[in-house]
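Following: one structure in structure tokens, then a few remarks.
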Amino acid sequence: MKKVLGLGNALVDVLLKVDDKFVEDLRFKKGSMNHIDKMMLENIIDKTRNIKKSLITGGSVANSINGLAKLGVKTGYLGKVGNDENGEFFNQCMIDNNINAKLFRGNAGTGTAVCMISKDSERTFATYLGSSIELRPDDLYPELFENYEYFYLEGYMVQDHKLVQRALELARNAGALIAIDLASFNIVEENRDFLIDMTEKYIDIVFANEDEAKAFTGYTDPDKALEKISEYCDIAVVKIGSRGSLIKSKNNEIYKIEPISAVPADTTGAGDLYASGFFYGLVLGLPLDVCGNIGSLLAGKIVEVIGAKLDDNSWEEIKKDIKKIINS
């Protein structure tokens, strides 16, 4: 079976439910990802001390890699954590899920993402990157990328242009197909020219939601955005929330993927698990519409729970559902 390597910000997620006013009072735009410093992190934790919280490992690509591992795909992960309890927690999660992780150790604490879930299930992130942004270009070396057929890059990483270019060059030299998730519309807006340049030079597959696609292309219409993104890569995917997703290949094949019926509790991880399902289809050599349908299945299942992790019973049911999709 083909193997998938991911690189991203290694984070521990703190999940909590809040109202919209709480997000507004912090001066965050609902649905955005916001970088914060350690003092701000401590302030948010203090303000929410009486709110029930859940603690899980996170980071967009780490979630996707975890999903693939749950489906039996051989996976690897690159990131940096702190020499602290959360760093050990993250590392143990990788081990428990049979992920071949190379976790470098940084000086700062392990990155933490506070995920504030609104009543309509939208999530706003306040992220203290901590040691995750201490990953440096010279940490990466060719052997880390060997024997992986796919390399998946987290869009949040693109703020470090030298690190991203180094990773993309090593992945391309290793012969891997390269995919990126654009991660957040504000990150795309701030790094648009660099993203377009890297996509043209290195990237084969682009995943984006509607806001990210708009930031990347300037088009509010997802069909037009899909068309524009496809000019830069072999496979373009635009996720359109409860309406499903759009896929366009270099052969001008266009697919509209329907969502599965779901009762959303939290949209955290929907895009991450969509990528897990899509990659699973690619690993098996399945047609793009089948890849999209598996991605849609996983996205629908994850929005029904709080956080970006599913229990083992859910994964067993998902495997049965995937077989039905493949055989249909």
Side-chain angles (χ1 to χ4, degrees), residues 8-64 66-67 81 86 89-90 93 108-133 154-157 159 181-190 208-212 215 239 241-242 262-275 299-310:
N9 287 324
L11 306 174
V12 172
D13 286 351
V14 179
L15 310 175
L16 61 155
K17 292 185 175 181
V18 298
D19 56 30
D20 289 351
K21 186 176 184 304
F22 184 85
V23 175
E24 292 168 4
D25 288 346
L26 291 172
R27 298 184 178 180
F28 295 151
K29 184 176 179 179
K30 185 178 174 181
S32 65
M33 193 286 289
N34 307 273
H35 287 149
I36 60 174
D37 58 21
K38 190 174 183 180
M39 185 177 296
M40 183 62 169
L41 172 65
E42 292 172 349
N43 181 45
I44 293 173
I45 295 298
D46 182 62
K47 286 180 181 294
T48 60
R49 60 186 177 277
N50 294 323
I51 299 177
K52 183 180 178 181
K53 302 176 180 67
S54 300
L55 194 70
I56 60 172
T57 58
S60 176
V61 163
N63 290 336
S64 300
N66 181 77
V81 297
N86 280 349
F89 175 68
F90 193 99
C93 179
T110 299
T112 303
V114 181
C115 177
M116 293 164 280
I117 306 163
S118 301
K119 291 181 180 178
D120 62 358
S121 301
E122 185 61 87
R123 74 271 193 271
T124 304
F125 285 98
T127 304
Y128 165 64
L129 292 171
S131 57
S132 70
I133 57 171
E154 186 171 309
Y156 293 121
M157 308 296 287
Q159 295 177 108
D181 185 285
L182 294 185
S184 178
F185 65 85
N186 46 335
I187 301 296
V188 176
E189 289 171 349
E190 293 164 8
N209 66 23
E210 284 186 88
D211 290 336
E212 295 152 8
K239 297 163 287 184
S242 61
V263 179
D266 169 25
T267 58
T268 303
D272 305 339
L273 270 292
Y274 180 98
K301 294 298 184 181
I302 198 65
V303 300
E304 294 189 322
V305 302
I306 300 297
K309 298 291 189 297
L310 293 163

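For reference, positions follow the sequence shown, starting with 1.
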Residue list, side-chain contact (heavy atoms from CB on, under 4.5 Å) with [X], at least two apart or on another chain:
X: Lys301; result: Ile260, Leu297, Leu310, Ile318, Asp321
X: Asn63; result: Asp272, Ala308, Lys309
X: Asp13; result: Leu11, Leu15, Ile56, Ala113
X: Ala126; result: Phe28, Ile36, Ile44, Val114, Met116

Hey, what do you get for [atom1] ([X]) to [atom2] ([Y]), rounding to the nearest 0.5 Å?
X: Phe89; Y: Leu55; atom1: CZ; atom2: CG; result: 5.0 Å
X: Asn43; Y: Thr48; atom1: CG; atom2: OG1; result: 9.5 Å
X: Leu26; Y: Met40; atom1: CG; atom2: CE; result: 4.5 Å

Any idea which heavy atoms bring [X] and [Y] closest together, and the distance?
X: Arg123; Y: Cys115; answer: CB-SG, 3.6 Å
X: Ala62; Y: Phe90; answer: CB-CZ, 4.0 Å
X: Ala275; Y: Ser64; answer: CB-OG, 3.8 Å
X: Ala10; Y: Thr110; answer: O-CG2, 4.2 Å
X: Ala262; Y: Gly300; answer: CB-O, 3.5 Å
X: Ser131; Y: Ala108; answer: CB-O, 3.4 Å

Fill in: Pairs meeting criterion salt bridge (Lys or Arg N to Asp or Glu O under 4.0 Å) with involvement of residues 32-47, two or more places apart
Asp46-Arg49
Is [X] reaching over with its side chain to a backbone N or O of [Y], donor-acceptor style, under 3.5 angstrom?
X: Tyr274; Y: Ala299; answer: no
X: Glu154; Y: Val61; answer: yes
X: Asp20; Y: Ser118; answer: no

How would you list, by chain and number, every residue that makes a side-chain hydrogen bond (donor to acceptor under 3.5 Å, both in side chains) with [X], sequence neighbours excluded?
X: Asn34; answer: Ser32
X: Thr124; answer: none
X: Glu212; answer: Asn209
X: Ser242; answer: none

Worksheet item: Looking at residues at least two apart in the chain, or sitting in another chain, which of them share a salt bridge (Lys or Arg N to Asp or Glu O under 4.0 Å) with Asp25?
Response: Lys21
Fill in: Check against side chain to side chain contact (heavy atoms under 4.5 Å, CB included), Lys17 and Ile51
CA-CA 8 Å; Lys17 292 185 175 181; Ile51 299 177; 5.6 Å; no
Fill in: Test side chain to side chain contact (heavy atoms under 4.5 Å, CB included) applied to Asn186 and His35, step by step
CA-CA 11 Å; Asn186 46 335; His35 287 149; over 6 Å; no
Worksheet entry | Close side-chain approach of Asn86 and Val81, heavy atoms under 4.5 Å | no
Worksheet item: Quick one: does Asn9's side chain get under 4.5 Å of Met157's, heavy atoms only?
Response: yes
Worksheet entry | Qualifying residues under ring-ring contact (aromatic ring centres under 6.0 Å, His included), relative to Tyr128, sequence neighbours excluded | none
Practice prompt. For Lys29, look at atom NZ and say whether over 12 heavy atoms of other residues, nucleotides or ligands are found less than 6.0 Å away.
Written response: no
